[in-house]
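Below, all heavy atoms of this structure are taken into account, side chains as well, without hydrogens, waters or symmetry copies. Note that the coordinates shown come from a computational prediction; the quantities given were computed from them, not determined experimentally.
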Amino acid sequence: MERCDPERPTYGFTVAAAVEAVPFARRQVTVLVGKLGFSISDETVETVKLLASEVIANAILYSSAPCEVAVTRTDERLRVEVTDTDPSLPSAIEAGPDDERGRGLLLVDALADAWGVQPECPGKTTWFEITPQPSTKSSGYDSTGAPSSGAAAVRRTDREDGMESQSKSRALSVPAGAGEREQAA
């Protein structure tokens, strides 16, 4: 799917209701990011892949149904939206050191520039936005979104803009006006 507005294209796809579908969905998000025209660093690509994996996996696990993924450009940010049929809103929980689950939304909160949830009928859309950091070299990703030789995963551990100031823009519910979606063509 592509949104009508050429200034704000949106690409989307459906993910099957199986955890095994998450790796393919993560790669597909990477391919669609490439179509949006950003010059994007390998580090930012890895962050988007991690956050997309977390949000998509949550949608599948908690709804036990397929979910819809949309990747769009909003002004200077990249936005990924995942819509599922489960009406319950997600909440970050404190995971114990031995827990295998419970850290996904904490990662989204720590690494996304903004994120939120928009109730839908039925279900909800969980979204996150990243301000792409420009690539200082040629991308380590080929046209399929797969790492090219020599590309390594990079963990984003620090933010130039300060995590404290960004925490005010994150919320479990969508700020007024955010999360409004245009209809796909």
Side-chain angles (χ1 to χ4, degrees), residues 1-38 40 44-75 77-92 100-109 111-130 132 139 141-147 153 170-174 178-185:
M1 118 181 109
E2 182 175 348
R3 190 176 286 162
C4 318
D5 184 354
E7 297 297 316
R8 299 180 94 163
T10 295
Y11 300 97
F13 60 97
T14 301
V15 181
V19 174
E20 297 80 24
V22 174
F24 173 79
R26 176 179 55 238
R27 288 188 300 274
Q28 187 65 19
V29 166
T30 304
V31 168
L32 297 179
V33 167
K35 291 183 175 187
L36 293 175
F38 285 115
I40 190 167
T44 303
V45 169
E46 291 303 319
T47 299
V48 170
K49 286 169 49 176
L50 173 65
L51 300 183
S53 293
E54 294 296 337
V55 176
I56 293 167
N58 281 350
I60 291 169
L61 287 171
Y62 292 105
S63 71
S64 299
C67 64
E68 299 293 323
V69 177
V71 181
T72 191
R73 183 178 188 147
T74 61
D75 298 322
R77 285 188 175 170
L78 165 69
R79 183 179 178 109
V80 176
E81 300 176 346
V82 179
T83 303
D84 65 59
T85 58
D86 181 9
S88 62
L89 300 180
S91 60
E100 292 184 18
R101 295 175 139 183
R103 292 175 184 84
L105 288 180
L106 295 174
L107 285 170
V108 173
D109 190 53
L111 298 175
D113 292 308
W115 75 279
V117 178
Q118 174 68 43
E120 304 282 344
C121 185
K124 65 185 170 300
T125 297
T126 305
W127 57 269
F128 66 87
E129 293 181 351
I130 297 283
S139 173
Y141 292 85
D142 66 20
S143 63
T144 68
R170 294 185 202 108
L172 287 176
S173 60
V174 176
E180 293 177 9
R181 296 166 33 137
E182 295 179 41
Q183 293 296 320

Just to verify, what does Ala18 make a side-chain contact (heavy atoms from CB on, under 4.5 Å) with, not counting sequence neighbours?
Glu20

Is the shortest side-chain heavy-atom distance between Val55 and Val80 below 4.5 Å?
no

Please determine which of Ile56, Thr14, Asn58, Thr83 meets the side chain to side chain contact (heavy atoms under 4.5 Å, CB included) test together with Cys67.
Ile56

Could you grab the distance from atom OG1 of Thr72 to atom CH2 of Trp127, nearest 0.5 Å is fine?
13.0 Å

Kindly write out the residues that satisfy side-chain contact (heavy atoms from CB on, under 4.5 Å) with Gln28, not counting sequence neighbours, or none if the list is empty.
Phe13, Phe24, Leu32

Distance from Leu105 atom CG to Thr126 atom OG1, nearest 0.5 Å?
7.5 Å

Between Thr125 and Glu120: side-chain donor-acceptor atoms closer than 3.5 Å
yes

What is the distance from atom CZ of Phe128 to atom CD of Glu54, rounded to the nearest 0.5 Å?
10.0 Å

Side chain to side chain contact (heavy atoms under 4.5 Å, CB included) test vs Val71 passes for just one of Leu78, Thr30, Val31, namely Leu78

Does the side chain of Leu50 come within less than 4.5 Å of Leu111's, by heavy atoms?
yes

Counting distance only, does the side-chain N/O of Arg79 pair as donor-acceptor with the main-chain N or O of Thr74 below 3.5 Å?
no

If the condition is side-chain contact (heavy atoms from CB on, under 4.5 Å), which residues does Asp86 pass it with, not counting sequence neighbours?
Tyr62, Ser63, Asp84, Ser88, Lys124

